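Since the structure is predicted, the reported quantities are computational estimates derived from the model, not experimental observations.
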Amino acid sequence: MTRSAIAFVASRTEEAQDALAQIRARYAEVPYEEADVIVALGGDGFMLRTLHRHLALNKPVYGMKLGTVGFLMNQFRIDCLGERLERAQATVLKPLVMEAVGESGGSTTSLAFNEVSLLRQTKQAAHIRVSLNGTVKIDELMCDGVLVSTTAGSTAYNLSAHGPILPLGADVLALTPISPFRPRRWRGAILRAGTEVKLEVLDPYKRPVSATADSNEVRDVVEVTVRESRDRTVQLLFDPEHNLEDRILNEQFAY
């Protein structure tokens, strides 16, 4: 399938803006609503912002690396962009839905393509009750925090917290503690993607906790529910010789 209608978007770094000017001088551009594909220039953080910003348009996104980290991006090259888009392989991502209840009783719903994380806000360790599908699994997790990661996000914050790398398309999620103190031997769990994870903050006034879905933070939460979205997806496009599935697989053998 030929994708001739392209919309470009770039991060605000000097490098990305210079590349945007070069690529616009060479290729025709259309508004986002009329595009067959959105080409994003930047790093992984900018890619996540692009996915959130343009999710409602339901357009595939092809990223080119012009940032510090580029796990979700292809290599930047100006030449042969049309041919690369024709050959690109689509990877479908399902975001997580975070429903966070604050101390005031108000609720905030956010999406996360990488992970939902809970973190202590002060020097006091967080105390969190962990439930899966309505059943309590850990009465009191004492920790700096805890996160729920998608397969695509398992090589990001989840890996830094010593969580497992998940094969793309495995239909699972990672539940990973961050610097756990009690229970000492618990290092997390791999869950079916349909599992509903409920995280209740114990003693939230003395031990306040924030919740973050990708980059969207909610402060002073008392309860957070996380589940995989049932109706929203996004397509990332990758060069076939360097697709996301292979990248995640290779991360399991990195040393």
Side-chain angles (χ1 to χ4, degrees), residues 1-3 6 36-52 54-55 57-77 80-97 111-117 147-176 188-195 197 213-214 226-255:
M1 176 182 175
T2 301
R3 297 183 177 92
I6 307 171
D36 295 313
V37 60
I38 296 174
V39 172
L41 310 176
D44 282 351
F46 180 72
M47 171 60 84
L48 290 174
R49 291 194 295 275
T50 299
L51 295 179
H52 284 281
H54 300 293
L55 178 63
L57 295 177
N58 196 29
K59 307 287 185 180
V61 182
Y62 180 89
M64 287 200 283
K65 180 183 176 183
L66 285 159
T68 305
V69 181
F71 196 79
L72 300 176
M73 318 298 280
N74 299 282
Q75 292 299 314
F76 174 73
R77 296 198 307 272
C80 305
L81 178 59
E83 291 83 349
R84 291 176 74 184
L85 293 177
E86 289 180 27
R87 296 175 56 244
Q89 298 176 347
T91 294
V92 177
L93 303 183
K94 292 183 179 181
L96 299 173
V97 179
L111 297 180
F113 292 97
N114 265 6
E115 77 278 319
V116 170
S117 58
L147 63 85
V148 181
S149 170
T150 66
T151 55
S154 66
T155 60
Y157 192 9
N158 174 70
L159 181 59
S160 298
H162 307 290
I165 296 176
L166 305 175
L168 195 67
D171 206 29
V172 294
L173 304 173
L175 175 62
T176 302
I190 297 175
L191 312 174
R192 292 182 182 273
T195 303
V197 182
D214 286 345
V226 184
R227 59 175 175 80
E228 186 180 74
S229 175
R230 299 182 181 92
D231 55 4
R232 297 191 182 185
T233 61
V234 69
Q235 288 189 61
L236 285 186
L237 302 179
F238 293 94
D239 296 327
E241 64 273 13
H242 200 39
N243 62 55
L244 185 59
E245 184 174 2
D246 288 343
R247 295 183 200 190
I248 292 177
L249 177 63
N250 291 338
E251 281 293 315
Q252 298 187 65
F253 297 91
Y255 57 90

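- Partner of L175 under the side-chain contact (heavy atoms from CB on, under 4.5 Å) criterion, out of T195, V148, V226: V148 alone.
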If you apply the rule side-chain contact (heavy atoms from CB on, under 4.5 Å), what do you find for E241 with Q75, and how did you get there?
CA-CA 11 Å; E241 64 273 13; Q75 292 299 314; over 6 Å; no

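- Side chains of D44 and N114 form no contact here, defined as non-hydrogen atoms less than 4.5 Å apart.
- Heavy atoms of other residues, nucleotides or ligands lying less than 6.0 angstrom from NZ of K94 number 12 at most.
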Hey, mind stepping through F113 and D214 against side-chain contact (heavy atoms from CB on, under 4.5 Å) and telling me if it holds?
CA-CA 7 Å; F113 292 97; D214 286 345; 3.8 Å; yes

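- For the pair R84 (side chain) and D239 (backbone), a donor-acceptor distance under 3.5 Å is absent.
- Applying the side chain to side chain contact (heavy atoms under 4.5 Å, CB included) rule to R232 yields the partners L55, P95, L111, S229; only residues at least two apart in sequence or on another chain are considered.
- N158 pairs by the side chain to side chain contact (heavy atoms under 4.5 Å, CB included) definition with L147, S149, S154, P164, A174, T176, not counting sequence neighbours.
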Let me see the working for V61 and M47 under side-chain contact (heavy atoms from CB on, under 4.5 Å), right down to the final yes or no.
CA-CA 9 Å; V61 182; M47 171 60 84; 3.7 Å; yes

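- Side-chain contact between V197 and L191: present, with at least one pair of heavy atoms (C-beta onward) separated by less than 4.5 Å.
- Counting heavy atoms from C-beta outward, F71 and I248 have side chains that approach closer than 4.5 Å.
- With rounding to the nearest 0.5 angstrom, the CG atom of L41 is 14.0 Å from the NZ atom of K65.
- Nearest heavy-atom pair, G153 versus E115, reported as atom, atom and distance to 0.1 Å: O-OE1, 4.4 Å.
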How far apart are the C-alpha atoms of Y62 and I6, what are their side-chain angles, what is the distance that settles it, and do they pass the side-chain contact (heavy atoms from CB on, under 4.5 Å) test?
CA-CA 10 Å; Y62 180 89; I6 307 171; over 6 Å; no

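- A 6.0 Å sphere centred on CD of E251 holds more than 12 heavy atoms belonging to other residues, nucleotides or ligands.
- Annotation: the span from L72 atom CG to L48 atom CG amounts to 6.0 Å, rounded to 0.5 Å.
- Put simply, CD on Q252 and CG on L159 are 10.0 Å apart, with the number rounded to the nearest 0.5 Å.
- The OG1 atom of T91 sits 5.0 Å away from the CG atom of L244 when rounded to the nearest 0.5 Å.
- Proximity of E245 to Q89: side-chain heavy atoms (C-beta onward) are nowhere separated by under 4.5 Å.
- To the nearest 0.5 Å, atoms CG (L249) and OG1 (T155) are separated by 12.0 Å.
- Partners of N243 according to the side-chain hydrogen bond (donor to acceptor under 3.5 Å, both in side chains) rule, which considers only residues two or more places apart in sequence or in another chain, are D246.
- G42 and M73 get closest at one heavy-atom pair: O-CE, 3.4 Å.
- With rounding to the nearest 0.5 angstrom, the CD atom of E228 is 8.0 Å from the OG1 atom of T151.
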